[in-house]
Amino acid sequence: MGIKDIDISEVTYFDLNNQINIPVDNKIPLEKDKEALEAFLNENVNPNMKHFSSLKERFSYLIKHNYLEKDFIEKYNFDFIKKLYAYLYDQHFHFQSFMAAYKFFNQYALKTNDGQFYLENYEDKIAVNALYMANGDEQLAMDLADELIHQRYQPATPTFLNVGRKRRGEFVSCFLLQPTDDMNSIGRCINSALQLSKIGGGVGITLNNLRSAGAPIKGIENAASGVVPVMKLLEDSFSYSNQLGQRQGAGVVYLSVFHPDIIDFLATKKENADEKVRVKTLSLGVIVPDKFYQLVRDNAEMYLFEPYDVEKEYGVPFSYVDITKEYQNMVDNPKIHKTKIMARDLEEEISKLQQESGYPYIVNIDTMNKANPINGKIIMSNLCSEIAQIQRPSKINDLQEYEVLGTDVSCNLGSTNIVNLMASPNFGKSVETMMRALTFVSDQGNAKVVPSIYEGNRLSHSVGLGAMGLHAFLAKNHIEYGSPESIEFTSVYFMLLNYWTLVASNKIARERQETFYEFEKSTYADGSYFDQYVTQDFRPQNPRVKELFAGIFLPSPADWEKLKAKVMQDGLYNAYRMAVAPTGSISYVGNTTASLQPIIQRVEERQEGKIGKVYYPAAYLSTDTLPYYQSAYDLDMRKMIDVYAAAQKHVDQAISITLYFKSTIKEGLYPWKDGRTTKMTTRDLSIIRNYAWHKGIKSLYYVRTYTDDGSEAFSVNECESCSI
């Protein structure tokens, strides 16, 4: 009997896991989770694990039967591989929860082609990841194995899952594309979306450059169809390209609030939308310049500008025009066709849709560009809204060839586990090891099927190191999420990540005698990037936070001054270094909470396909930590934004933030409710979005709403590709 033949009625682990949700003497019976874990290993994993007489036999079998590549193995003396395995087993790794083991063996472990038997345990997966990403460097392989087995570092799911496999997808999480305003570019973009989705990536696309519905084509008025038909084509493409039948492709489209099609764009996600225009699985995001917030604040009229005319006047696609700076000039220009609406009416439409569907995402584009250290313009984000990198437009001819090869983006992601990294014997060495692993993934970028993606990755060497487990760390240390201590801890932690990723990238640049493209035009090269660090001391002031960082090196302004000099002299290898993605299944495997967000439930309930409900107690949940695990739905979202803002000031890209609301907001949570318990309104959403913008938040992901009957108001198409 194999994995697929297991009769659920004959196993005990699901029953034991489900008992967690049944209080005993008004307490959560957490011991049932440990019992479920042991039962799962004994009833499912151990009987169905394929065993080998030796490590040599194991690798020979896996290579011979096309489960693993052989090239990365051959870069090492086999005695070293045995040494690495011996070290891993000496660490006595144990899964900490039923969900951790279940997720790993269900989603990540290599299985036989018929799905009947497991071919690797956790140590095997770690060994393959370390050997592959170290690329023959024995010391790096040992260092990386150390980070992975102690769960201080977690590669993104596509990396963790695919490295070393003979039959695999790509190692990267997602991609960003931009068509320009012509049919050749649109056609190429749709083809690129198909190809990228096929190899396992979520795809973000900005439609901002496309002329609006009714715009002229070759002088003929009312000829253009606008962005909505292109959205339908893209949705069909993602549905068709289903990644070997494992899941449908995933995509998001972005549009500026100043694009004439913005109302129609938002309407495609409404429940009562006509089926001809409604998009069901495609995600939506809006690009919001500062000018929009100003117009909303002033209750003013706003103008929507025809991209076709703007490009003729400015000589660049619509996305590359600074609307906040040029707004009045564009209003005054009679050659630019424009439509007039009330800014607050559009603000209301955005809030209504978020209340109804959770969409759109929000990209505060001017905030992104003001903080952007790289020469160029950020014009959009990705499927999880944490990527903020420059792009350059391409030009496609009638043969679908690149006359001008621009640059688009691939996302090479990984995450630190805050609880475990804070316990690292050498914080800086840990981060450098992670950066070298991420840089390897970037260097291996092989999306040649989309030349603009390949070119962007080749020039930038960009990566995105993030973090997960913030709430777990705070609860474990008896600190309330959103408190001054939590905000200062978050700031110091991300200051450290920023410092050590810079140190690592500078070291790699010096070793290779190579920097990212146009480093000399960056704010790193002129030193201005470091202004906040050489003029302000980010080391902790609160005694409790000082205690948390005891024994960890904390750079002073003088240390930052020394690093600034090194970077100005030798450069950086990676154009971008940090991005905080949402973390999905892998945060369960890592026994921690997702990303930087507060928990949703102390004992999370998940629906796992045909199996039914599975329960996951929050990491480190106990009688002592219980009071510190407040649900996100019961938290003032301004407190959460304050925590994220503390991290954002140190993160060169963006952070994926989900907002949480209950349909009925409890008494006293928000002051503008006048102390009453009232229904959530569109005004509440508008206030929180404006607060986030004011605090320097670069992007907002979903809005989730919890109904009065204890369920979510709607489902959203979460990005499995980008979720680490």
Side-chain angles (χ1 to χ4, degrees), residues 13 16-17 30-56 58-59 76 78-110 118-134 138-155 160 164 415-427 429-430 433-434 437 468-469 472-473 476 585-592 616-617 619-622:
Y13 44 87
L16 289 166
N17 173 263
L30 295 172
E31 71 280 358
K32 293 298 178 184
D33 187 60
K34 296 294 184 184
E35 293 175 21
L37 168 61
E38 291 305 312
F40 176 68
L41 296 175
N42 291 329
E43 296 172 10
N44 181 295
V45 176
N46 296 337
N48 298 298
M49 180 69 69
K50 187 169 179 61
H51 295 284
F52 301 93
S53 62
S54 68
L55 198 58
K56 191 80 172 179
R58 178 178 187 276
F59 277 103
Y76 300 91
F78 206 79
D79 286 340
F80 170 76
I81 294 176
K82 290 192 286 187
K83 175 184 173 184
L84 184 140
Y85 262 86
Y87 172 78
L88 289 174
Y89 280 110
D90 282 347
Q91 306 314 301
H92 304 293
F93 172 83
H94 295 286
F95 289 105
Q96 297 301 306
S97 70
F98 165 74
M99 183 71 89
Y102 175 76
K103 282 291 184 183
F104 174 76
F105 284 104
N106 189 46
Q107 293 186 217
Y108 296 99
L110 187 64
Y118 299 113
L119 289 172
E120 63 184 358
N121 58 28
Y122 195 70
E123 287 84 355
D124 293 320
K125 176 64 76 178
I126 296 306
V128 168
N129 269 256
L131 292 167
Y132 196 95
M133 288 188 281
E138 291 185 358
Q139 186 57 56
L140 180 57
M142 288 298 296
D143 291 343
L144 187 52
D146 186 52
E147 298 305 318
L148 293 169
I149 197 65
H150 292 106
Q151 296 189 316
R152 296 190 284 264
Y153 176 58
Q154 179 57 54
F160 192 56
S415 185
T416 62
N417 185 322
I418 295 175
V419 173
N420 297 335
L421 182 55
M422 285 295 291
S424 172
N426 189 328
F427 194 109
K429 181 182 177 183
S430 290
T433 301
M434 299 171 196
M468 60 184 177
F473 179 85
K476 188 171 186 282
S585 300
I586 212 65
S587 57
Y588 299 121
V589 177
N591 188 45
T592 197
Y616 173 66
Y620 313 107
L621 185 64
S622 67

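What you see is a predicted model, and the numbers here were worked out from it, not measured in a lab. For reference, positions follow the sequence shown, starting with 1.
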When you look at Asn420 and His150, which way does the side-chain contact (heavy atoms from CB on, under 4.5 Å) test go after all the steps?
CA-CA 7 Å; Asn420 297 335; His150 292 106; 5.9 Å; no
Can Thr433 and Leu140 be said to form a side-chain contact (heavy atoms from CB on, under 4.5 Å), step by step?
CA-CA 7 Å; Thr433 301; Leu140 180 57; 4.1 Å; yes
Report the C-alpha separation of Lys103 and Phe95 in whole Å, then their side-chain angles, then the decisive distance to 0.1 Å, and conclude whether the side-chain contact (heavy atoms from CB on, under 4.5 Å) test is met.
CA-CA 11 Å; Lys103 282 291 184 183; Phe95 289 105; over 6 Å; no
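Using a 4.5 Å heavy-atom threshold, the side chains of Phe160 and Ile126 count as touching. Tyr85 is listed as a side-chain neighbour of Asp124, based on a closest heavy-atom distance under 4.5 Å. In this structure, Phe105 and Asn44 have side chains that are not in contact, with every pair of non-hydrogen atoms separated by 4.5 Å or more. Side-chain contact check for Thr416 versus Met434: some heavy-atom pair is nearer than 4.5 Å. The shortest side-chain heavy-atom distance between Phe78 and Lys83 does not fall under the 4.5 Å cut-off. Looking at Leu55 and Ile81, their side chains come closer than 4.5 Å, going by heavy atoms from C-beta outward. Looking at Leu144 and Asn129, their side chains never come closer than 4.5 Å, going by heavy atoms from C-beta outward.
Between the Arg58 side chain and the Leu119 main chain, a donor and an acceptor come within less than 3.5 Å of each other. Side-chain N or O atoms of Asn48 include none that pairs as donor or acceptor with a backbone N or O of Tyr118 at under 3.5 Å. With hydrogens and angles disregarded, a donor-acceptor distance shorter than 3.5 Å links the side chain of Glu120 to the backbone of Leu110. Put simply, the side chain of Tyr76 gets close to the backbone of Leu131: a donor and an acceptor are under 3.5 Å apart. Between the Lys125 side chain and the Tyr108 main chain, a donor and an acceptor come within less than 3.5 Å of each other. Between the side chain of Asn46 and the backbone N or O of Leu41 there is at least one donor-acceptor pair closer than 3.5 Å. The main-chain N or O of Met142 is never found under 3.5 Å from a side-chain atom of Asp146 such that the two would form a donor-acceptor pair.
Contact record, Val589 with Gln151: O-NE2, 3.0 Å, taken as the closest heavy-atom pair. The two atoms that bring Pro617 and Leu30 nearest to each other are CB-CD2, 3.7 Å, heavy atoms only. The minimum heavy-atom distance linking Ala472 with Ala619 is given by the pair CB-CB, 4.3 Å. Listed here is the closest heavy atom pair of Leu37 and Gln96: CD2-C, 4.3 Å. Nearest heavy atoms, Leu148 versus Pro155: CD2-CD, 3.5 Å. The two residues Leu84 and Ala127 make their nearest non-hydrogen contact at CD2-CB, 3.7 Å.
Among Tyr122, Phe104, Tyr87, the one residue that satisfies the ring-ring contact (aromatic ring centres under 6.0 Å, His included) test with Phe93 is Tyr122.
Rounding to the nearest 0.5 angstrom, the gap separating the OG atom in Ser415 from the CD1 atom in Ile586 is 10.0 Å. How far NZ of Lys476 is from OG of Ser622: 10.0 Å, rounded to the nearest 0.5 Å. Atoms OG and CD, from Ser424 and Glu147 in turn, are 5.5 Å apart once rounded to the nearest 0.5 Å. The CG atom of Asp90 sits 11.0 Å away from the CD1 atom of Ile149 when rounded to the nearest 0.5 Å. Taken to the nearest 0.5 Å, the CE atom of Met99 stands 7.0 Å off from the CG atom of Asn17. Taken to the nearest 0.5 Å, the CZ atom of Phe98 stands 9.5 Å off from the CG atom of Leu16.
With respect to the salt-bridge test (charged N to carboxylate O, under 4.0 angstrom), the residues Glu31 and Lys34 do not qualify.
Glu38 and Asn42 share no side-chain donor-acceptor pair at under 3.5 Å. A side-chain N or O of Tyr89 and one of Asn121 form a donor-acceptor pair less than 3.5 Å apart. When only modelled atom types and interatomic distance are considered, Tyr153 and Asn417 share no side-chain donor-acceptor pair under 3.5 Å. A side-chain donor-acceptor contact under 3.5 Å links Ser585 and Gln107.
Ring-plane geometry between Phe40 and Tyr102 is classed as perpendicular, the angle between the planes exceeding 60 degrees on a 0 to 90 degree scale with a lower cut at 30.
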